[in-house]
A.B. asks: 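This is the structure I have questions about; it appears just below.
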Amino acid sequence: MRLLLIRHGQTPSNLKHLLDTAEPGPGLTSLGQEQAAALPDALASEEIDALYASTLVRTQLTAAPLAAATGLEVRVRSGIRELTAGELEMRGDEVAAHLYMHTAFAWSAGDVRLRMPGGENGVEALARFDAVVAEAHRDGAETVALVSHGAVIRMWVAARADNVDVAYAAEHPLANTGIVVLTGSPDQGWRALLWEGSSVGPLPRTPGPDDPTGSAVSTP
């Protein structure tokens, strides 16, 4: 199965670098709407069989132009929603951002019993995302697009793709409507092919500035 993991378009909370993870969440900025509208052309070469979005409004708004272009129904699933921030919700300070991403990548590295302060642990977060991927695989879709969120995509890929480690995911923020492409299956495992259009390789990269959910390169 070919898996297209798409981060939602820009939101007002992205501009403020806030840990805004609660439902239903904000809508899109004007730039975010433009980013969503550009997705059908960006994915024109993909023969998408199934389209999913999370229960947060921003992913459904991002998926809407793609649904219109493909004629696919958007399947809304809570399993691919953003990592819940718990007690860190709506904070935008560096301490909160560091703790949030440190916890997420600890899960990727195997420390799945660690719990986000007042939120979920890695067992719960990975299981819910895995369940949506497994559902798509059971339905027989060959190419699946999941419109989700920056932190959960980076965490899940680092945990599940055999050629992406925590260092790579931590050093590569995912821009709004950035896409990670993987191939594989829940049984045989996953291999990342592309990260925002770049082939996934073994060379280390120098970390750049990041925000809590990976939108550092998404704002003008």
Side-chain angles (χ1 to χ4, degrees), residues 1-8 19 21-23 25 46 48-56 58-60 62-63 66 72-86 100-170 172 174 178-196 200 212-214:
M1 183 169 75
R2 188 171 174 87
L3 194 58
L4 314 176
L5 303 182
I6 306 166
R7 189 184 177 211
H8 60 81
L19 287 165
T21 70
E23 295 176 336
E46 299 282 356
I48 300 173
D49 302 305
L51 175 60
Y52 290 78
S54 83
T55 47
L56 278 68
R58 54 190 179 270
T59 62
Q60 296 170 47
T62 303
L66 195 55
L72 293 170
E73 174 189 1
V74 179
R75 305 179 185 183
V76 177
R77 300 290 186 270
S78 62
I80 56 173
R81 62 170 293 177
E82 185 59 291
L83 303 175
T84 56
Y100 182 79
M101 292 310 302
H102 172 80
T103 303
F105 287 134
W107 298 342
S108 302
D111 189 5
V112 293
R113 297 294 177 182
L114 184 65
R115 185 169 295 277
M116 196 73 72
E120 61 193 333
N121 65 23
V123 174
E124 297 160 346
L126 285 164
R128 62 177 172 82
F129 203 99
D130 285 341
V132 179
V133 174
E135 174 191 339
H137 185 260
R138 284 195 307 271
D139 288 348
E142 294 184 7
T143 299
V144 180
L146 272 65
V147 184
S148 185
H149 305 263
V152 72
I153 290 173
R154 294 164 73 198
M155 183 277 297
W156 188 85
V157 173
R160 297 295 187 240
D162 60 15
N163 62 329
V164 175
D165 58 14
V166 169
Y168 187 94
H172 290 75
L174 191 62
I179 303 169
V180 179
V181 180
L182 304 97
T183 185
S185 71
D187 296 331
Q188 298 180 0
W190 299 95
R191 184 170 184 83
L193 303 177
L194 295 172
W195 189 290
E196 289 193 318
V200 177
T213 57

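Nothing here was measured: the structure is a model prediction, and the numbers come from that model.
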A.B. asks: Stepwise, does the side-chain contact (heavy atoms from CB on, under 4.5 Å) test hold for Leu66 with Ile48?
C.D. replies: CA-CA 10 Å; Leu66 195 55; Ile48 300 173; 4.1 Å; yes

A.B. asks: How many angstroms lie between CZ in Arg7 and CD in Glu82, if you round to the nearest 0.5 Å?
C.D. replies: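 Going from the CZ atom of Arg7 to the CD atom of Glu82 covers 8.0 Å.
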
A.B. asks: What closest approach, in Å, do His172 and Trp195 show between heavy atoms, and which atom pair accounts for it?
C.D. replies: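 The answer is O-CZ2, 3.3 Å.
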
A.B. asks: Under a plain distance cut-off of 3.5 Å, with no hydrogens placed, do Glu46 and Thr143 share a side-chain donor-acceptor pair?
C.D. replies: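 Per modelled atom types, Thr143 and Glu46 side chains form no pair under 3.5 Å.
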
A.B. asks: So, taking the atom named CG in Leu5 and the one named CG in Leu182, what distance separates them when rounded to the nearest 0.5 Å?
C.D. replies: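 Leu5 CG to Leu182 CG: 5.5 Å, rounded to 0.5 Å.
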
A.B. asks: With side-chain contact (heavy atoms from CB on, under 4.5 Å) as the test, would you mind laying out the steps for Met1 and Ser185 before giving the verdict?
C.D. replies: CA-CA 6 Å; Met1 183 169 75; Ser185 71; 5.6 Å; no

A.B. asks: How long is the span from the CD atom in Gln188 to the CG atom in Asp162, to the nearest 0.5 Å?
C.D. replies: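 One gets 11.5 Å once the value is rounded to the nearest 0.5 Å.
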
A.B. asks: Would you name the heavy atoms of Glu135 and Tyr52 that are closest together and state the gap between them?
C.D. replies: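 Reported closest heavy-atom pair: OE2-OH, 3.4 Å.
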
A.B. asks: Check for a donor-acceptor pair, side chain of Asn121 on one end and backbone N or O of Val123 on the other, with a separation under 3.5 Å.
C.D. replies: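 Yes; at least one donor-acceptor contact below 3.5 Å.
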
A.B. asks: Closest heavy-atom contact between Ala125 and Leu83?
C.D. replies: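 The pair with the smallest heavy-atom distance is CB-CD2, 3.9 Å.
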
A.B. asks: Please state whether the rings of Phe129 and Trp156 are parallel, tilted or perpendicular, taking 30° and 60° as the class boundaries.
C.D. replies: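 Phe129 vs Trp156 ring planes: tilted.
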
A.B. asks: By the definition side-chain contact (heavy atoms from CB on, under 4.5 Å), identify the one residue from Gln60, Arg81, Glu23 that meets it with Ser54.
C.D. replies: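 Result for side-chain contact (heavy atoms from CB on, under 4.5 Å) with Ser54: Arg81.
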
A.B. asks: Ignoring hydrogens and angles, tell me if any N or O in the side chain of Thr21 forms a donor-acceptor pair with the backbone of Ala85 under 3.5 Å.
C.D. replies: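 Here the side-chain-to-backbone pair exists.
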
A.B. asks: Any donor-acceptor pair under 3.5 Å linking the side chain of Asn163 with the backbone of Ala192?
C.D. replies: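 Checked: pair present.
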
A.B. asks: Could you state the interatomic distance from CD (Glu124) to CZ (Arg115), rounded to the nearest 0.5 Å?
C.D. replies: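 Those atoms lie 4.5 Å apart.
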
A.B. asks: Taking Leu114's backbone N and O only, do any of them form a donor-acceptor pair with Trp107's side chain (distance below 3.5 Å, no angle check)?
C.D. replies: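 Indeed, once roles are kept as given, a pair shorter than 3.5 Å links the two residues.
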
A.B. asks: Which pair of heavy atoms, one from Tyr100 and one from Ala151, lies closest together, and at what distance?
C.D. replies: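 Distance-wise, the nearest heavy atoms are CE2-CB, 3.7 Å.
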
A.B. asks: Sort out for me which residue in Leu51, Val133, Leu4 forms a side-chain contact (heavy atoms from CB on, under 4.5 Å) with Leu146.
C.D. replies: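 For Leu146, the side-chain contact (heavy atoms from CB on, under 4.5 Å) check succeeds only for Val133.
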
A.B. asks: Does Leu126 form a side-chain contact (heavy atoms from CB on, under 4.5 Å) with Arg160? I'd like the steps, not just the answer.
C.D. replies: CA-CA 9 Å; Leu126 285 164; Arg160 297 295 187 240; 3.7 Å; yes

A.B. asks: Please find the pair of heavy atoms, one from Thr84 and one from Met116, that lie closest to each other, and give the distance.
C.D. replies: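 For Thr84 and Met116, the tightest heavy-atom pair comes out as O-CG, 3.5 Å.
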
A.B. asks: Counting only N and O atoms by type, is there a donor-acceptor contact under 3.5 Å from the side chain of Thr183 to the main-chain atoms of Arg2?
C.D. replies: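 No, because the side chain of Thr183 does not come within donor-acceptor range (under 3.5 Å) of the backbone of Arg2.
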
A.B. asks: Does atom CD of Glu142 have more than 12 heavy-atom neighbours from other groups under 6.0 Å away?
C.D. replies: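 It does not: Glu142 CD has 12 such atoms or fewer within range.
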
A.B. asks: What pair of heavy atoms forms the shortest contact from Gly79 to Val132, and how long is it?
C.D. replies: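 Nearest pair, atom of Gly79 first, then Val132: CA-CG2, 3.8 Å.
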
A.B. asks: In Å, rounded to the nearest 0.5 Å, how long is the span from NE2 of His149 to OG1 of Thr62?
C.D. replies: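 Between atom NE2 of His149 and atom OG1 of Thr62 there are 9.0 Å.
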
